[in-house]
Amino acid sequence: MVATPELPRDPSLPPSVEERLGRLAPDQRAAATAPPGPLLCVAPAGSGKTTTLVARVAWLVAREAKAEEIAAITFNVRAAEELRTRLADALAPLGVEPAAVRVRTFHALGREILADASVDVSALVDRAAVLGALWPNAPADVRRRLDDVLSRLKLDRGLTLAEAEREVAAGRDDAGLRAFIAYERALLDRGALDFDDLVARAIAALEADRALLERWRRRCAHLLVDEVQDVDRSQLRLALLLAAPENRIFLVGDDDQTIYGWRLADVRRVLALDRFLPGLRRVDLVTNYRCPAPVVERAVRLVAVNRERFVKRIRARPGAGGRLVLAPDAADDHVRIRTVLATWPDDGSTSAVLARTNAELLPAVDAAIELGRPFRATRISLLTDDPRLDDLLDRAREVAPGLPLLVGLERVRAAVAGVERASDADEQEVSPADLAAALLAWAAPYPTVGDLADAIAERRRRIAELCRDDASLSLATIHGTKGLEFDH
């Protein structure tokens, strides 16, 4: 590991770059100014990795690296946009156009390489649509598993259609291989690519065309890779192919944040990077500037039990205040979240309730609506949004006119459950029987179907009014907010 002592100022650097470096902590500056060569910057959450990465690019330009030979690869579009914005501020004093430094996601870079290789990238298809056309009667969960199998074969194994056909011809009877062949033939018939092909076929094009490879190695002479712990096998292979043979590659990431295993990330790739990059140096960013000290201390204690990780030091910034509120276990989620939300100021400061899954955010939606707090929430499926509720209410009116509401809804629920048992073919996450049971549970305070329908309509109106993209309160999964910061 590289030591991070206080570093002297460099009068040979442009003032804007030296001023930017001067704002960095010693560990950040050591990473930003490390000599060109293979380097892994281990950057725990909140440690200023983007600040360090931007300073690194500015330092490279100040050291007379050509901006058009610097490339930064990010994991998603949002990260690329943020990096471009921050680079524009860093490069303007140096007289460099922001677009001169190539900032791309892996897939955008792959698309650019393929276009340069004269591959038609205009016909990009949605895999789910192709799978639906090939196997229209397959249940949704089967198609989702098949989607995962295809990505593993294409990205983890680097399998091609010709190789799969040879394996089957040699006697390997594998359902996944047969599905892969059918899917790849469907793409071939359409003259199309899918999202995974943007990386997989870019690698194939580079390996097949030496002139293309040399051209892109010049364009990526200084290569920076953000969130390296999230890359899959093919993405890492593409980065290493472009960086060779000089290996002026700057990798930023954190083994403790490898949370995208379902996207084929594997922490062991980060831990074994020195096998692919001889002479790899490592600089650790050790300070979390984002979280209160009690949160950092408990997080470090928790993650330290992981067996597959770098040994590292993570500390809260000096003087970090804040407190950790531990609600009683007896409190239900709605009461707990409502209590916390009520203590947060409604002054435009940003705040968030985070959970592991979208379903676990439903009590937070209830609390925000009860308090009248505008909130931002994506991909949270609310039962009140389901149009089948209206059909069930209509059936209750027809089945039991004049009877108590609970009696009518129970008859509807029993009828729906009987049909569902007979067919056993519903693929929706919330079945009609579950929806009818929920409707029955809501009905107790209301004397008639009309009263319950009015309450649901009012609930929908409140949700439409409060659920807004510009709200300062975010209700989201931890995966969905990775890299973001909030005041509360």
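Keep in mind it's a predicted model, so treat the numbers as computed, not measured. Just so you know, these numbers use all the heavy atoms, side chains as well, and skip hydrogens, waters and symmetry mates.
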Arg84 side-chain N/O to Val103 backbone N/O, donor-acceptor pair under 3.5 Å: yes
Neighbour count above 12 (heavy atom, 6.0 Å) for Arg309 CZ: yes
Polar contact flag, side-chain donor to acceptor under 3.5 angstrom, Thr85-Glu82: no
Validation row: Arg190, Val130 side chains within 4.5 angstrom (heavy atoms): yes
Phe195 and His107 aromatic ring geometry - parallel, tilted or perpendicular at 30°/60° bounds: parallel
More than 12 heavy atoms from other groups under 6.0 Å of CD on Glu214: yes
ring-ring contact (aromatic ring centres under 6.0 Å, His included) contacts in which one or both residues fall within residues 113-132, not counting sequence neighbours: none
Asn306 side chain to Glu308 backbone, donor-acceptor under 3.5 Å: no
Short side-chain donor-acceptor distance under 3.5 Å, Asp232 and Ser234: no
Sub-4.5 Å side-chain heavy-atom contact between Lys49 and Val54: no
Main-chain N/O of Ala45 paired to Asn288 side chain as donor or acceptor, under 3.5 Å: yes
Ser151 side chain to Asp196 side chain, donor-acceptor N/O pair below 3.5 angstrom: yes
Distance-only donor-acceptor check, side chains Arg317 and Thr287, under 3.5 Å: no
pair Val353-Trp344: side-chain heavy atoms closer than 4.5 Å: yes
Face-on cation placement of Arg56 at Trp59 ring, 6.0 Å and 45° thresholds: no
Side chain to side chain contact (heavy atoms under 4.5 Å, CB included) partner of Arg102, the single match among Glu69, Glu68, Glu112: Glu112
Student check: side-chain heavy atoms of Val225 and Val252 closer than 4.5 Å: no
Any donor-acceptor pair under 3.5 Å from Asp174 side chain to Leu177 backbone: yes
Any donor-acceptor N/O pair, Arg376 side chain to Ser472 backbone, under 3.5 Å: no
Residues Thr51 and Arg86: side-chain donor-acceptor under 3.5 angstrom: yes
Ring-face cation of Arg282 near Phe310 (centre distance under 6.0 Å, axis angle within 45°): yes
Minimum heavy-atom distance between Ala316 and Val296, given as atom pair plus value: N-CG1, 3.7 Å
For the student: nearest non-hydrogen atoms of Val231 and Gln235, plus distance: CA-OE1, 3.2 Å
Check: Glu184 and Lys154 side chains under 4.5 Å, non-hydrogen atoms: yes
